Amino acid sequence: PLRNSRLSVGFKSESLWLRIPLSTISSYGNFEILEIKNPHINFLKVWVWRNDSIIKSFPLTGDHLPFSSRSLPERIFSFPVSTAAHISDTLIIAAEKRNTTFKLEIGFSKQQKHLQSLQTSMIVWGVLAGFIFMLLIINIYLFFSTKEWVYFWYGLYLLFFMGYMGTDTGLFFEYLYPNLPQINDLIRPLFFTLCVMPLMLLYTTLMNLSAQLPRLHRVNALVLILYI
């Protein structure tokens with residue numbers, strides 16, 4: 001039995017199957033939505049089971065399939081499963097994300113609370129993205145005004161960080177490339193990797209290593225070349 005709604009199974013080479021009696025979940029309160037909050041599951045299938053028969057089967061979904069495959073059009077995986085219709089049934093979940101760290105966070109919520117949570121998270125991410133974008137514009141302006149490379153490298157880092165944030169939250173997949181699931185496994189680690197390069201160059205420029213510590217500057221340059 002799980003003691004926590006978050007299940008971390010580390011690196012796996014096979015699919016994960018879960019069996020959840022909904023009568024146990026309903027003892028904590030009524031619910032209307034099943035939430036699986038990791039947006040990076042490759043393939044995900046959910047069934048509702050009653051008396052040795054499948055009474056409901058949701059379409060196969062996952063971030064290896066188009067965004068339109070989701071039961072509800074949201075960045076996380078959400079399914080309409082309620083206590084009113086399924087209080088004595090069993091939930092079967094099959095999830096696949098092979099050969100990488102796999103975290104499965106499952107929640108049950110009422111529809112109003114579910115929508116409020118999504119709206120709050122969108123507001124938070126919107127404010128954060130707006131702040132980062134403002135810093136990016138300021139650094140672009142300062143770079144062209146002063147010709148100081150420190151502003152260029154910091155602006156480039158902010159740009160790559162915004163890309164990583166958008167892919168990590170699943171928002172880019174929802175709004176920018178919903179019909180290109182084949183790039184999901186590439187674009188998130190790519191942005192994460194690209195964030196390191198301007199940070200190293202920012203440090204080198206800010207500390208003026210070429211003049212102050214030329215040996216360390218050469219080591220940093222070699223590390224950056226090997227990293228790329």
Side-chain angles (χ1 to χ4, degrees), residues 37-42 62-68 70 73-77 97 99-103 105 115-228:
K37 301 179 181 180
N38 182 351
H40 306 295
I41 299 172
N42 296 156
D63 78 344
H64 277 196
L65 296 172
F67 190 83
S68 58
R70 306 197 177 195
E74 300 167 356
R75 65 180 184 86
I76 64 173
F77 298 104
K97 188 172 178 64
N99 303 315
T100 185
T101 301
F102 186 12
K103 292 184 179 180
E105 183 177 356
L115 293 175
Q116 288 175 346
S117 176
L118 288 177
Q119 290 172 355
T120 301
S121 66
M122 286 294 290
I123 291 172
V124 170
W125 287 118
V127 170
L128 180 58
F131 178 71
I132 294 174
F133 184 74
M134 180 185 68
L135 290 178
L136 174 61
I137 296 300
I138 292 173
N139 277 270
I140 292 174
Y141 171 77
L142 290 174
F143 170 68
F144 284 107
S145 299
T146 66
K147 301 299 188 278
E148 293 286 344
W149 282 92
V150 63
Y151 299 114
F152 175 82
W153 297 128
Y154 188 56
L156 192 61
Y157 165 73
L158 291 173
L159 181 64
F160 290 151
F161 181 76
M162 285 181 63
Y164 175 75
M165 186 178 70
T167 54
D168 188 58
T169 58
L171 291 172
F172 276 14
F173 184 40
E174 181 177 0
Y175 293 108
L176 298 185
Y177 53 93
N179 297 315
L180 294 173
Q182 57 269 26
I183 69 174
N184 271 326
D185 280 350
L186 172 65
I187 194 168
R188 186 166 64 115
L190 176 64
F191 273 121
F192 181 80
T193 302
L194 289 174
C195 283
V196 176
M197 181 187 68
L199 276 182
M200 292 182 65
L201 293 169
L202 173 65
Y203 169 76
T204 301
T205 306
L206 193 61
M207 301 301 294
N208 194 19
L209 291 185
S210 59
Q212 301 295 330
L213 296 167
R215 289 186 179 179
L216 182 57
H217 175 69
R218 288 193 292 270
V219 170
N220 276 1
L222 178 61
V223 169
L224 184 59
I225 292 172
L226 294 176
Y227 181 79
I228 295 173

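Basis for what follows: all heavy atoms, side chains included, without hydrogens, waters or symmetry-related copies. On a predicted model such as this, the values are computed, not experimentally measured, just so you know.
- Scanning for ring-ring contact (aromatic ring centres under 6.0 Å, His included) contacts around F172 gives an empty result, with sequence neighbours left out.
- You'll find the side chain of D63 stays beyond 4.5 Å of the side chain of I41, heavy atoms only.
- One finds the CD1 atom of I187 at 11.0 Å from the CD atom of Q182 (value rounded to the nearest 0.5 Å).
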Taking it one step at a time, do T205 and F152 satisfy side-chain contact (heavy atoms from CB on, under 4.5 Å)?
CA-CA 10 Å; T205 306; F152 175 82; over 6 Å; no
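- K97 places a side-chain N or O within 3.5 Å of a backbone atom of H40 that can act as its donor or acceptor partner.
- A distance of 10.5 Å separates CG of L158 from CE of M134, quoted to the nearest 0.5 Å.
- Evaluation of the ring-ring contact (aromatic ring centres under 6.0 Å, His included) rule for F191 yields no partner, not counting sequence neighbours.
- Distance check, rounded to the nearest 0.5 Å: CH2 of W153 to CG of L206 gives 14.0 Å.
- For F143 against E148, the heavy-atom pair with the smallest separation is CD1-O, 3.3 Å.
- Taking the side chain as every heavy atom from C-beta outward, P39 and F173 never approach each other to under 4.5 Å.
- Listed by chain and number, the residues in a salt bridge (Lys or Arg N to Asp or Glu O under 4.0 Å) with D168 are R188 (sequence neighbours excluded).
- Note that OG of S121 and CD of E74 are 9.5 Å apart. Values are rounded to the nearest 0.5 Å.
- With contacts defined as side-chain heavy-atom distances shorter than 4.5 Å, the pair D185/H64 qualifies.
- Between L194 and L159 the shortest side-chain heavy-atom distance does not fall below 4.5 Å.
- Counting heavy atoms from C-beta outward, L136 and I132 have side chains that stay 4.5 Å or more apart.
- Distance check: T169 OG1 to I76 CD1 gives 12.0 Å after rounding to the nearest 0.5 Å.
- Using a 30° and 60° split on the angle between ring planes, Y157 and Y154 fall in the parallel class, below 30°.
- Here the CG-SG distance, from L156 to C195, works out to 9.0 Å after rounding to the nearest 0.5 Å.
- Counting heavy atoms from C-beta outward, N184 and Y177 have side chains that approach closer than 4.5 Å.
- Counting only heavy atoms from C-beta outward, the side chains of L171 and M165 never approach each other to under 4.5 Å.
- Residues P181 and P66 come closest through the heavy atom pair CG-N, 3.7 Å.
- With Y151 as reference, N139 is the one residue of L202, I138, N139 to meet the side-chain contact (heavy atoms from CB on, under 4.5 Å) rule.
- When atom types are taken as modelled, the side chain of R70 and the backbone of R75 share a donor-acceptor pair closer than 3.5 angstrom.
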